[in-house]
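Data first, discussion second: the structure below is written as structure tokens.
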Amino acid sequence: MEKCKRDKEGFGKLLNYEVENNVISIEFNNKKVFVNVVNSHIINFFAPLFREERNSKAVENLKDSHCDFEIENIADGIQLLTEKLTVRIYDEFKVDIYDKKGTLLCADYRGEKDPFIRRKGDFMLAEAEGHALNNDEEFKVYVSKQMEEDMFFYGLGERSGHLNKRGYHYVNWNTDNPAPHGETFDRLYKSIPFLIGLNKGNAFGIFFDNHFETHFDMGRDNSKYYYFAGVDGNLDYYFIYGPSVKNVVEGYTKITGNMPLPQMWTLGYQQCRWSYDNKARLMEIANNFREKGIPCDTLYLDIDYMDGYRVFTWNNERFNNLEEMIKKLNSMGFKVVTIIDPGVKVDKGYKIYDDGLKNGYFATDNQGIVYRNEVWPGDSVYPDFLNSEVRKWWGENQRIMTEAGVSGIWNDMNEPASFKGPLPDDVMFDNDGIPVTHKEVHNVYGHMMAKATYEGLKKATGKRPFIVTRACYAGTQKYSTIWTGDNQSTWEHLRMSIPMLMNLGLSGMAFCGTDVGGFGHDCSAELLSRWVQVGTFTPLFRNHSAMGTRDQEPWAFDESTEEINKKYIKLRYKLIPYIYDSMWNCSKNGAPIIRPLLFNYQNDKNTYEINDEFLCGENILVAPVVEQGAKARMIYLPEGETWVDYWTKEEYRGGQYIIRETPLDICPIFIKGGSIISVAEEQNYIGEKNSNKLTFEVFLCNEETETKYHHFTDDGESFKYQAGEFNNYKIKVINNNNKVEIKVKIIDYEYDDKFTHIEFIFNNINERAVTINGEAIEIIDGKAIIPNLVSNKEFV
Ligand code: MIG
């Protein structure tokens, strides 16, 4: 941490230190800093360069668990030893971090700064204009680390480009740029200043909790170092040790909060459009789904449902008797989600505006006058979501929607977007008594809006809130799912969505998705089919498209396209229990649903840069087609497993590249040999049928395997699971060439889930004999059924 640009003198010599509980305060010649041992593998480094206190919006209730550590003096500095790490701190607050074997994980850079020179035409720019903002002289907070050979970088939230971020530079400044997103974009709607480094196979994370504009440079400026920097604010970052990427993500979500379990229906297929702008069209869409037998759980109302874009109102002509319409849709098995933007129309007599104005709930200019810009409703003002009273008010307003029958809220435009130029830096917000500038809180505006919405919905309904937000910051996973904004119906964007979603997943935002079929531009039949195939495995599975573009509902093209779309949407419904189990895992340890292969196969270097394959949970590998017209594609199967082709049941040893034919109705899917997938019977929407049996598909293979699976059941909507009202079925499969042993155990059984039977469907059973909990079981048509153990409590 050699540079702190607030003043040129830096930190200076290390003078002395004091320890109080988990915090070591270190006195340098020019500044005092704090090193907080969060636990044996997470260390926070804090220097109050901007204000004395933290002003974190990401980290709430961080508890220091008691953790033993030692501190000793070493030549030139001090050394901190935890059970996992050795941290050496020197003059100028330079920090080097090693694991217990003495392997260097992350060291501050000491060499010369030598950023590349940006040449223009045939002359070199004068120094003053030669550097863009990435010149370190312009940052007030700046930390550079030594680049090691063989390093890979991941995370950083929503990014265009590829999975590995080495060699690139990204900015955190939430931005609504309507141009087609490309690799040249260094910023998008979201800011998640969390980077994962993989250094010779050892992973670590750096979470730079600063919501001013921040930059991450992974060796673009110079391949000798990487850095993170902020235009202002405190130096406040967490080092999170792996050595597995899994542990890093778990550590990061421990600090910034876990994604709560979503309601089960939110995992179904969702249909959106800008806009289904009248009742007749919306009902036509709903009827089409049911008549065609294409499953769907959710329909969206985009901005045109409102009365003149006034939030918390609706247009009574186009949607007369909205409540009745929603009731009708609910009875057909649909949930309705409505968009709510932050911009409030300037309009005397409109209650939301009047109330907000009267109570001082809107952001102001630096003279205290309510700040105006323009968004959809015309002249608009911006609620001050930094203020807890405003959040409460906004939360209460959600009742206007929920009482009309709305089941979820979609928060758009909360970067915040503005039509008349960006909000000036000095637009003021009231952070519960501490005035803060737009410059400081821009990146958390959407995050605080999502928090307000979450708390309001939770209070109004008592259910697990469903919110989709476009802008977010680190930690938004506690409140909301996200979608990646305005993509385009292009093959390029389908390709790009995969590394983008994988990095979002690694950045805590496990519940994520893109507009399936693409938002801008006209979709083609083939592109829609391929996109639906990817969407099938994406946590948020929502088809959406822009005003004026070609229809892209599953049936909007020809019959064969409709058949393919239907086949995959049905597959999604079959996999809902498996996806819900993956969500449950994620709610405990942050493990993303859609994840890069390296997450599970870190020892296999071939996985480090795979952009066009992903894992969905622990057991499914998906290698979608993202090229128009592709009749076949190459697939890498990670080593250490046998992989079973979901369609043909053929087995492949991992550690090889194979070629798979890919006719339009085939998205290559491989199941980890020996593993289990929990599945549901066919239904049009979640909860349509109340099956009395649990079903597990077992994918046997010729390799000897031993796998474990946990299946979770609860009511699918309330918070009762947090008080223990759930069941946890633990299933073990031991498979060899002539027999399969299954062991079922119930670890938790506080929920009356009404399943009377458990069914196993065996793929590749061949001549194997099967025992379940030691008893020989007869296999008929590859299936075995036993009574559920919860009901007779036999095997508990
Ligand atoms: O300026 O509400 O990203 O999903 O359909 C466009 C209209 C505003 C942008 C969102 C998009 C939504 C659209 N909105």
Side-chain angles (χ1 to χ4, degrees), residues 158 160 174-181 185 187-190 270-278 281-282 285 298-315 318-319 336-345 373-378 380 382 401 406 408-423 445-446 449-450 453 466-472 476 480-490 493 497 500 504 512-523 531 535 538 540-553:
E158 176 185 71
S160 57
N174 292 351
T175 301
D176 171 26
N177 181 345
H181 308 154
F185 276 49
R187 66 199 73 188
L188 282 163
Y189 308 92
K190 302 173 182 64
Q270 312 195 350
Q271 185 65 52
C272 191
R273 171 91 220 176
W274 179 19
S275 291
Y276 297 128
D277 67 1
N278 64 75
R281 177 70 180 142
L282 187 67
I285 296 290
T298 305
L299 300 174
Y300 279 72
L301 291 175
D302 204 331
I303 48 177
D304 302 289
Y305 78 90
M306 290 182 260
D307 172 20
Y309 306 120
R310 289 171 187 82
V311 286
F312 304 110
T313 69
W314 45 88
N315 183 313
R318 295 202 234 125
F319 287 100
V336 174
V337 173
T338 49
I339 198 168
I340 293 281
D341 290 349
V344 170
K345 186 178 178 66
N373 202 308
E374 190 184 308
V375 269
W376 289 105
S380 301
Y382 291 82
M401 309 313 294
V406 167
I409 296 289
W410 171 23
N411 286 160
D412 186 21
M413 305 291 277
N414 50 359
E415 292 70 34
S418 46
F419 296 165
K420 279 195 188 150
L423 275 65
Y445 189 77
M449 181 187 192
T453 309
F466 179 63
I467 300 152
V468 192
T469 183
R470 193 170 72 177
C472 81
T476 306
S480 182
T481 171
I482 55 98
W483 99 105
T484 60
D486 297 347
N487 60 3
Q488 306 273 321
S489 300
T490 64
H493 276 188
S497 72
M500 187 184 272
L504 274 161
C512 56
T514 63
D515 284 349
V516 168
F519 178 74
H521 200 56
D522 298 326
C523 195
W531 214 317
T538 306
L540 180 72
F541 186 11
R542 187 185 78 154
N543 177 323
H544 181 42
S545 57
M547 173 83 76
T549 60
R550 189 194 195 294
D551 284 355
Q552 65 185 43
E553 290 81 15

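Start at 1 and go down the list; that is how both ligands and their atoms are numbered.
With ligand atoms numbered from 1 in the order given, ligand 1 contributes 2 (O), 3 (O), 8 (C), 9 (C), 10 (C), 12 (C), 13 (C), 14 (N) to contacts under 4.0 Å with heavy atoms of D412. Interface of I339 with ligand 1, defined as ligand atoms under 4.0 Å from a residue heavy atom, comprises 2 (O). Ligand-side atoms of ligand 1 in range of H544: 4 (O), 5 (O), 11 (C), 12 (C), range being under 4.0 angstrom from any heavy atom. For ligand 1 and I303, the ligand atoms under 4.0 Å from any heavy atom of the residue are 2 (O), 7 (C).
In terms of heavy-atom proximity, L540 sits nearest to F466 at CD1-CZ, 3.9 Å.
Less than 6.0 angstrom separates the ring centroid of W376 from the ring centroid of W274.
Not a single heavy atom of M547 sits less than 4.0 Å from an atom of ligand 1. In this structure, W410 counts as a contact residue of ligand 1, since one of its heavy atoms falls inside 4.0 Å of the ligand.
When only interatomic distances are considered, the shortest N/O to N/O separation between W274 and ligand 1 does not fall below 3.5 Å. Between W483 and ligand 1, no N or O atom pair is found at a separation short of 3.5 Å. Taking only nitrogen or oxygen atoms, main chain and side chain alike, R470 reaches within less than 3.5 Å of ligand 1.
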> Hey, mind stepping through Y189 and R470 against side-chain contact (heavy atoms from CB on, under 4.5 Å) and telling me if it holds?
Replying inline: CA-CA 6 Å; Y189 308 92; R470 193 170 72 177; 3.3 Å; yes
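Given atom 3 (O) of ligand 1, the protein heavy atom at minimum distance is D486 OD1, 2.4 Å. Residue, atom and distance of the protein heavy atom nearest to atom 2 (O) of ligand 1 are D302 OD1, 2.6 Å. Counting only heavy atoms of the protein, atom 6 (C) of ligand 1 lies nearest to W376 CZ2, 3.5 Å.
No salt bridge links D176 with K190; every basic N to acidic carboxylate O contact stays at or beyond 4.0 Å.
For the residue pair D304/S275, the side-chain donor-acceptor check at 3.5 Å is satisfied. In the model, N411 has a side-chain atom that pairs as donor or acceptor with a side-chain atom of T453 under 3.5 Å. W483 and D515 share a donor-acceptor pair across their side chains, judged by distance under 3.5 Å alone. A side-chain N or O of T549 and one of R273 form a donor-acceptor pair less than 3.5 Å apart.
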